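No experiment lies behind these values; they were computed from the predicted model shown. Index from 1, following the sequence.
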Amino acid sequence: MLLFFVVSVAAQHTATHRDSIKSLEEVTIKSATKNKIETEMKMAISVDEFLSSSANISFIKRGAYAWEPLLNNMSTERSTLTIDGMHIFGACTDKMDPITSYVESNNLATIDIKSGQEGNMHGSTVAGSIDLKRKSTAFSENALWKGTYQSGFEFNNKQFFNLGNVSFSSQKWVADGSISYRKAENYSDGNDDEVNHSQFKKFNSSLGLAYKTSDLSSVRVEAIFDMAKDVGYPALPMDLWLSRAVIASASYKLLFEKGLVKVWDSKVYFNAIEHYMDDTTRPENLVHMDMPGWSTTYGLLSRINLKKEQYSSEIQLNAYDNLSIAEMRMYPQDRSERTMFAYSWPWVTTRYAGLSMNNVWEISEKSQVNVGGSLGINYNYSKYIDFNWIFHPGAPQEKTRFLPSLNAGYIFDSNQFNFSIGTGYGHRAPSVSEGYGYYIYNSFDRYDYIGNPNLKNEISYEANAAAGFKTDKLSVQGKINYFYIQNYIIGRILSMGSPMNYQSVGVKGYTSLDYATLLNMSLNATYDILPHLHWNGVLTYARGMDDNGGNLPFIRPLSYQTSLHFMHKNFGIQTSINGDFEQIHYSPEYGEDETPSYTIWNISADYSFKINRMKAVVQVGAENILNEYYSTYADWGNIPRMGRNIFTSLKVNL
C-alpha cells in the first residue's frame with residue numbers, strides 16, 4: 001500500500017441544462033498550483049528530506065548526503081528517476097549520486113510520484129517513477145519581477161545554507177534563475193559522538209529562458225549546474241572528492257484552440273556527469289583505490305495531449321543514448337605506483353526508444369477508467385566485453401530487449417467516499433551494473449559484485465487498491481499494492497573467482513530468482529480538532545520475500561508518524577513523533593542484521609511578518625529532541641543517525 005499525503009478539496013456540483021441561466025450559491029475554483037518543496041515541520045528542507053515525507057518512499061543512507069530513494073521498497077534500478085521527463089544516469093557504481101542529488105529544493109516546483117506501471121510514461125519500470133519538476137514562471141501581461149532568499153543554520157553538523165531565486169516575466173519573455181550553497185561539517189549521533197567523514201559541500205545553480213513565439217506557442221532553454229566537493233561517506237571505505245553535473249535542454253510548446261489535439265510539447269536534452277570517489281582521506285586503508293566515473297546522455301522527449309468530451313489521452317515518445325564509464329585504480333601506500341587498473345563499467349552504451357500512452361474515460365462525474373501502456377526497445381553495447389567474458393565466456397557484446405507494459409484502473413470518488421482498483425504488467429532491462437558491472441565492491445555485505453549480460457528481463461505483475469472516507473473534519477485513506485516479480489535480479493555468491501578488494505570476503509554475481517513478492521500497505525488519517533488545530537497520522541507496513549520464502553533486503557518494517565499543527569494568524573507551531581518498529585524480517589544473506597525500534601520527537605515554530613512590501617517567515621525547531629541514539633534498517637553498515645539538531649531559517653519573498 002503506497003501512501004501519498006492526501007489533500008482534500010470539497011466542491012459542490014450542481015447539474016444544469018446547457019441553455020439555462022442559474023444563480024449559484026457557491027463556486028469552488030480548482031487550479032493547478034505548484035506545491036512548495038517544504039513540509040510543515042521544516043521550511044528549509046532538502047530534496048531528500050522532502051521525498052522522505054512521502055510514506056511510499058524510503059532511503060538507503062550511506063552518510064548525510066545523496067541518499068538513495070527506494071520507491072515501493074525497491075532499489076533505484078527498478079524505478080525511473082527523471083528531471084522534467086529527462087533521463088539522467090548517475091556516474092557512481094556505488095550509487096552515491098542519485099538524480100535527486102543534482103537538484104535543489106529552490107529550483108523545483110513539485111515532485112510527481114507514480115506507483116508501479118502508472119509510471120511507465122517515462123520508460124520501463126517496476127516500482128514506478130519519480131519526476132522532479134523544475135520551476136517555470138508563466139508569461140504575464142505586465143513586466144513583473146519576483147525573488148526569494150532563504151538562509152539558515154543547523155547546529156548539530158554546523159550546516160550553513162543560502163538559497164536564492166529570481167524571476168522575470170512579461171508578455172514575450174520569461175527568465176528564471178536560482179542559486180544555492182550548503183556546507184556542513186561532521187554530525188554527532190545520539191551519544192554526542194562525532195560521526196567521522198559525514199561532511200559535505202554543495203553548490204547548485206539553474207537558469208531558464210522562455211520566449212513566446214506566438215499567442216499559442218513558446219520556446220524555452222534551461223540549464224542546471226551542480227557541484228559537490230569533499231563529501232564524506234562514513235558507511236563506505238572512501239569519500240567523494242568531486243562530483244559535477246551539467247544538465248541542459250531546449251523545448252518547444254504549442255497549444256491548440258480547436259480539435260482533438262490540445263498540447264504538443266517537445267524537448268531535446270543533454271547531460272554530462274563526472275564523479276570521483278577516492279580514499280586519500282583514509283590513511284588507514286592498506287591499499288588505496290580511486291573510482292572515477294562518467295555518464296553522458298543525449299535525449300528526446302515529445303508529448304501530445306488529446307481531449308474530446310469525456311475522453312482524454314497523453315501520448316509520449318522517449319528516446320535517449322547513454323554512455324557509462326567507471327574505472328577502478330589501485331595503488332600501494334606510494335601513490336606514484338599504480339598496481340591495478342580495471343573498468344568496473346566497461347564503456348557501456350545504452351540506447352532506448354519507447355512510446356507510452358495513457359487514456360482516461362470519465363464515465364460520470366464520480367468515476368473514471370484509466371488504461372495505459374508502453375512499448376520500449378532497449379539496446380546495450382559493451383566496448384570492453386573482455387571483462388565480462390572472464391565470468392561469462394562468450395557473452396554477447398550487444399543485446400537488444402523489448403520492454404512492454406500495460407496498466408488499467410478504475411476510480412470512484414464521491415463527496416465522502418473514494419475507491420480505486422488497478423493492475424499492471426511490465427518488463428525492465430537489467431541496469432548497467434547488473435548486466436556489465438565488474439568487481440563492484442558492496443561495503444554492506446562486503447562482497448565484490450559481477451554483472452551478467454545474459455540476465456533475462458524482470459517481469460512484474462501488479463495489483464493495487466485504495467479506499468478512503470472523508471467528512472468536514474475527518475479524512476481516512478488506505479492503500480495497498482502487491483508485486484509478483486519474475487526473474488528477480490539479485491546477487492548470489494559465486495563459486496569461482498576471488499575478491500579484488502582486500503576488504504571483500506568473496507564474490508557475488510547478479511543472477512535471477514524464479515520470482516519475488518512484495519506487499520506494501522499504508523493508512524493515513526487527518527482530523528481537524530479545532531479550526532486552527534490539525535492532526536495527521538500515518539502507518540505503513542511492507543513485506544518482501546524471495547522464491548524460497550526468505551526475506552528480501554531493505555524492506556521497511558512497520559513504521560508510524562503522528563503530528564499536530566496549530567496555526568493562528570501569523571504564528572504556527574507543529575510537533576511530530578515518528579519511528580520504526582523492530583526489524584524482525586531481515587536478511588543475513590544480503591548483509592542485514594536485526595535493528596531495534598526507535599521513536600523520534602520533533603518540534604518547530606514559525607512566524608510570518610512583513611518588512612515594507614516584503615513578506616518574511618522565520619522558523620526555529622529541533623529534530624530528535626530527546627537525542628536518541630539509533631540506526632535504521634536502511635542505514636548502510638548501521639551508521640548512527642544524527643542526534644539532537646536545532647535548526648533556524650529565514651525566508652524573504654521580494
Side-chain angles (χ1 to χ4, degrees), residues 1-3 55-60 68-79 95 115-117 119 125-128 407 421-428 430-431 433-434 442 444-445 447 449 452 455-466 478-494 508-523 539-560 580-597 632-636 638:
M1 155 192 350
L2 306 177
L3 172 63
N56 63 320
I57 293 182
S58 53
F59 284 92
I60 293 177
E68 179 189 351
L70 307 181
L71 176 57
N72 282 332
N73 285 282
M74 297 187 220
S75 60
T76 49
E77 291 92 347
R78 295 182 173 87
S79 58
K95 298 195 285 188
S115 174
Q117 295 308 316
T125 184
V126 171
N407 66 283
I421 188 170
T423 186
Y425 164 83
H427 288 227
R428 83 156 179 104
S431 68
S433 290
E434 292 169 338
N442 184 321
F444 189 82
D445 60 7
Y447 279 84
Y449 276 68
N452 182 357
L455 287 172
K456 298 178 181 179
N457 293 350
E458 273 191 357
I459 304 174
S460 171
Y461 301 86
E462 170 197 352
N464 58 78
K479 296 188 178 183
I480 183 170
N481 63 30
Y482 177 79
F483 294 88
Y484 179 91
I485 305 172
Q486 287 184 338
N487 307 324
Y488 188 87
I489 299 173
I490 205 161
R492 287 285 176 87
I493 296 175
L494 291 177
K508 283 186 177 182
Y510 283 107
T511 187
S512 295
L513 306 181
D514 288 340
Y515 67 89
T517 60
L518 185 59
L519 173 72
N520 297 284
M521 297 188 295
S522 70
L523 181 66
L539 191 66
T540 64
Y541 174 76
R543 187 79 169 92
M545 293 185 290
D546 61 22
D547 50 3
N548 291 320
N551 298 315
L552 295 180
F554 297 113
I555 304 299
R556 189 172 192 169
L558 183 64
S559 64
Y560 58 90
D580 289 351
F581 283 77
E582 183 181 6
Q583 171 63 296
I584 57 176
H585 300 300
Y586 59 94
S587 176
E589 182 180 356
Y590 303 109
E592 287 190 310
D593 55 15
E594 185 176 356
T595 53
S597 61
T632 78
Y633 74 102
D635 290 317
W636 206 258
N638 295 326

Check: T423 side chain, N464 main-chain N or O, donor-acceptor pair, under 3.5 Å: no
I need the single residue from Y484, Y461, Y488 that forms a ring-ring contact (aromatic ring centres under 6.0 Å, His included) with Y515. Which is it? Y484
Verify, without hydrogens or angle tests, whether N73 (side chain) and R556 (backbone) share a donor-acceptor contact under 3.5 angstrom. yes
Intermediate values then yes/no, side-chain contact (heavy atoms from CB on, under 4.5 Å), T540 and N56: CA-CA 8 Å; T540 64; N56 63 320; over 6 Å; no
Could you state the interatomic distance from CD (E434) to OG1 (T511), rounded to the nearest 0.5 Å? 11.0 Å
Over all heavy atoms of both residues, which pair between S559 and L539 is shortest? Give the atoms and the distance, please. O-CD1, 3.3 Å
If I take atom CD1 from residue I584 and atom OG from residue S597, how far apart are they, to the nearest 0.5 angstrom? 11.5 Å
Check the side chains of E462 and S460 for a donor-acceptor pair under 3.5 angstrom, ignoring hydrogens and angles. no
Between the side chain of D635 and the main-chain N/O of N638, is any donor-acceptor distance below 3.5 Å? no
Are the side chain of E458 and the backbone of I489 linked by a donor-acceptor contact shorter than 3.5 Å? yes
Checking L70 against I60 for the side-chain contact (heavy atoms from CB on, under 4.5 Å) test, could you report, in this order, the C-alpha distance in whole Å, the side-chain angles of both residues, the deciding distance, and whether it holds? CA-CA 7 Å; L70 307 181; I60 293 177; 3.7 Å; yes
Keeping Q117 on the side-chain end and T125 on the backbone end, is there a donor-acceptor pair under 3.5 Å? yes
Taking atom CD1 of I480 and atom CD1 of I421, what is their separation to the nearest 0.5 Å? 11.0 Å
Per ring-ring contact (aromatic ring centres under 6.0 Å, His included), F554 is matched among Y586, F444, Y633 by F444
Dump the intermediate steps for side-chain contact (heavy atoms from CB on, under 4.5 Å) on N487 and L455, then the final yes or no. CA-CA 8 Å; N487 307 324; L455 287 172; over 6 Å; no
Looking at every heavy atom in both N551 and H585, which two are closest together, and how far apart are they? ND2-C, 3.3 Å
Atom pair CD1/OH of I490 and Y510 - distance to nearest 0.5 Å: 9.5 Å
Between the CD atom in E68 and the OG atom in S58, the distance rounded to the nearest 0.5 Å is 9.5 Å
When you measure from the side chain of E589 to the backbone of R492, do you find a donor-acceptor pair of N or O atoms at a distance under 3.5 Å? no
Is there a donor-acceptor pair under 3.5 Å between the side chain of N457 and the backbone N or O of H427? no
For the backbone of E592 and the side chain of S587, can you confirm whether one donor and one acceptor N or O come within less than 3.5 Å of each other? no
Could you check whether any side-chain heavy atom of L523 comes within less than 4.5 Å of a side-chain heavy atom of Y560, counting everything from C-beta outward? no
So, are E77 and K95 salt-bridged, with charged N and O less than 4.0 Å apart? yes
How close do L552 and T517 get, counting heavy atoms only, and between which atoms? CD1-O, 4.0 Å
Looking only at heavy atoms, the pair that brings L494 and G509 closest together is CG-N, 3.4 Å
